[in-house]
Amino acid sequence: MSLTAEASVVDTATTPAPQIDADKLMGFVFRAVDEVGATLNAALVVMGDKLGYYRDLAAHGPSTPSQMAERTQTAEPYAREWLNAQAAGDYVTYDPATKRYTLPAEHAVAMTDPDSPAFLPGFFQIALGTVHATEHIVAAARSGAGYAWGQADHDVHVGCERFFRPNYHANLIESWIPALDGVEQKLIDGGLVADVGCGHGASTILLAQAFPNSKFVGFDSHEESIITARERAIEAGVADRVGFEVASAQEFRGRDYDLVAMFDCLHDMGDPVGAARHVREALAADGTWMIVEPMAGDHVEDNLNPVGRVYYGFSTLLCTPSSLSQDVGLALGTQAGPARIHDVTSAGGFTQFRSAAETPFNRVLEVKR
């Protein structure tokens, strides 16, 4: 046995066992109980959203389980247990005297108004869809493989649009575009825009509705999302000015774009540096690259908060596996932070980089040649 190995054995043998604080232990146990309740509640929120329970309570006020079940044409035992779980989690209130449940007005905005930036069901839907892949992610973590966005549960794709769209609706036209140098006027006059990683096209369509003189092309590597985006454009009445094509961020077609936008997707890419190089080639000489990324600081300790916790969770189960499933597999992570994104844009040949706007959930970065 070497001296180093012998010392290691001695150190291990003589290290005293840690003293356990019983109060801290039980405090952690009860916190974990609350976490299990929160995990189950994600499924309950999606259930209530799909069955119309929140909308029913918002429309009819204080209700008994039987009343809600009758109106929503669902079985009363499910309605009763769902309401009790929601009451225990303070999502609804319960009046023991009348045995009725009420959805507070503020909660009704968050649970039923899809145009409110506080709208939450899509957030829960993408989270629930994400955890459905846990078995696959465990296997991928052991092998080092990835798990592609297209392999994700349907609720991930639908929930993603439902979660991000209200935020874009509240901020994109009113504050994000005006925060970019000269971009708003170009779009008013009639510009050319590429929305890369467009998903179901929510951001593309919002831009097209706000700037009728401009032309827009949305690109995404996920074919099913592009099919949905085309349907959304027809429904919104902008299909004459908006096109959607299946293409990666490294290969999307077109040149001389006044604006290339990437909404909450750069960190998901396997080769973001390659994407940056292609964006630089596709932009007009005075064009702008707008990168919208999840809110994050540059250091782990900056992100140890409720928003960072959620994003690190999505990063582990959804975004990092997606990056690792692609060529290069850089795996920036959902909490990459502006300094890391700056490194990517610099490696792609860009020289100008600044933070233009932010919300509690997003940071808007302006990049130019």
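Worth knowing before you read on, the calculation uses all heavy atoms, side chains too, and leaves out hydrogens, waters and symmetry mates.
The line from CH2 of W289 to CG of L259 is 12.0 Å long, rounded to the nearest 0.5 Å. The NE2 atom of H107 lies 12.0 Å from the OG1 atom of T112; values are rounded to the nearest 0.5 Å. To the nearest 0.5 angstrom, H200 atom NE2 is 10.0 Å from I227 atom CD1. T228 contributes atom OG1, which lies 8.0 Å from atom CD of E161 (distance to the nearest 0.5 angstrom).
Note: H222 and H157 have tilted aromatic rings, judged against thresholds of 30 and 60 degrees for the angle between ring planes. Ring geometry for F252 versus F219: interplanar angle of 30 to 60°, hence tilted.
The salt bridge (Lys or Arg N to Asp or Glu O under 4.0 Å) analysis of residues 94-108, with sequence neighbours excluded, yields no pairs.
Judged by distance alone, with hydrogens and angles left aside, the side-chain atoms of R369 form a donor-acceptor pair with the main-chain N or O of R280 at under 3.5 Å. Between the side chain of S323 and the backbone N or O of M269, at least one donor-acceptor pair lies under 3.5 Å. At distances below 3.5 Å, at least one donor-acceptor pair connects side-chain atoms of R241 with backbone N or O atoms of A208. Using modelled atom types, no side-chain atom of E76 and backbone atom of Q67 make a donor-acceptor pair closer than 3.5 Å. Under the 3.5 Å distance criterion, the side-chain polar atoms of S355 are left unmatched by any main-chain donor or acceptor of L365. Within the 3.5 Å criterion, the main-chain N or O of R31 finds no donor-acceptor partner in the side chain of E35. Side-chain N or O atoms of R55 include one that pairs as donor or acceptor with a backbone N or O of D49 at under 3.5 Å.
Taking the charged nitrogens against the carboxylate oxygens, K368 and D181 do have a contact shorter than 4.0 Å, which makes a salt bridge.
When only modelled atom types and interatomic distance are considered, N171 and T359 share no side-chain donor-acceptor pair under 3.5 Å. At a cut-off of 3.5 Å, with distance as the only test, no side-chain donor of N362 or Y168 sits close to an acceptor on the other residue. A donor-acceptor contact closer than 3.5 angstrom links the side chains of Y101 and N84. Side chain to side chain, Y312 and N303 meet the donor-acceptor criterion of an N or O pair below 3.5 Å.
Residues A356 and E366 approach most closely at CB-CB, 4.3 Å, considering heavy atoms. Nearest heavy-atom pair across L172 and S203 is CD2-O, 3.9 Å. Scanning both residues, L103 and L57, for their nearest heavy atoms gives CB-CB, 3.8 Å. When all heavy atoms of V300 and L304 are compared, the pair lying nearest together is O-CG, 3.3 Å. Closest of all the heavy-atom pairs between L83 and V92 is O-CG2, 3.9 Å.
Other residues, nucleotides and ligands contribute at most 12 non-hydrogen atoms within 6.0 Å of the OH atom of Y78. Surrounding CD of E301 are more than 12 heavy atoms belonging to other residues, nucleotides or ligands, all under 6.0 Å away.
Here the side chains of I341 and R363 are not in contact, with every heavy-atom distance at 4.5 Å or above. F211 has its side chain within reach of I173: a pair of non-hydrogen atoms, C-beta onward, lies under 4.5 Å apart.
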Applying salt bridge (Lys or Arg N to Asp or Glu O under 4.0 Å) to D115 and R165, what does each step give before you reach the verdict? CA-CA 8 Å; D115 289 328; R165 184 187 178 280; 3.1 Å; yes

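You'll find the ring centres of Y54 and W82 inside the 6.0 Å limit.
Judged as a side chain to side chain contact (heavy atoms under 4.5 Å, CB included), and not counting sequence neighbours, the contacts of A148 are Q151, S325.
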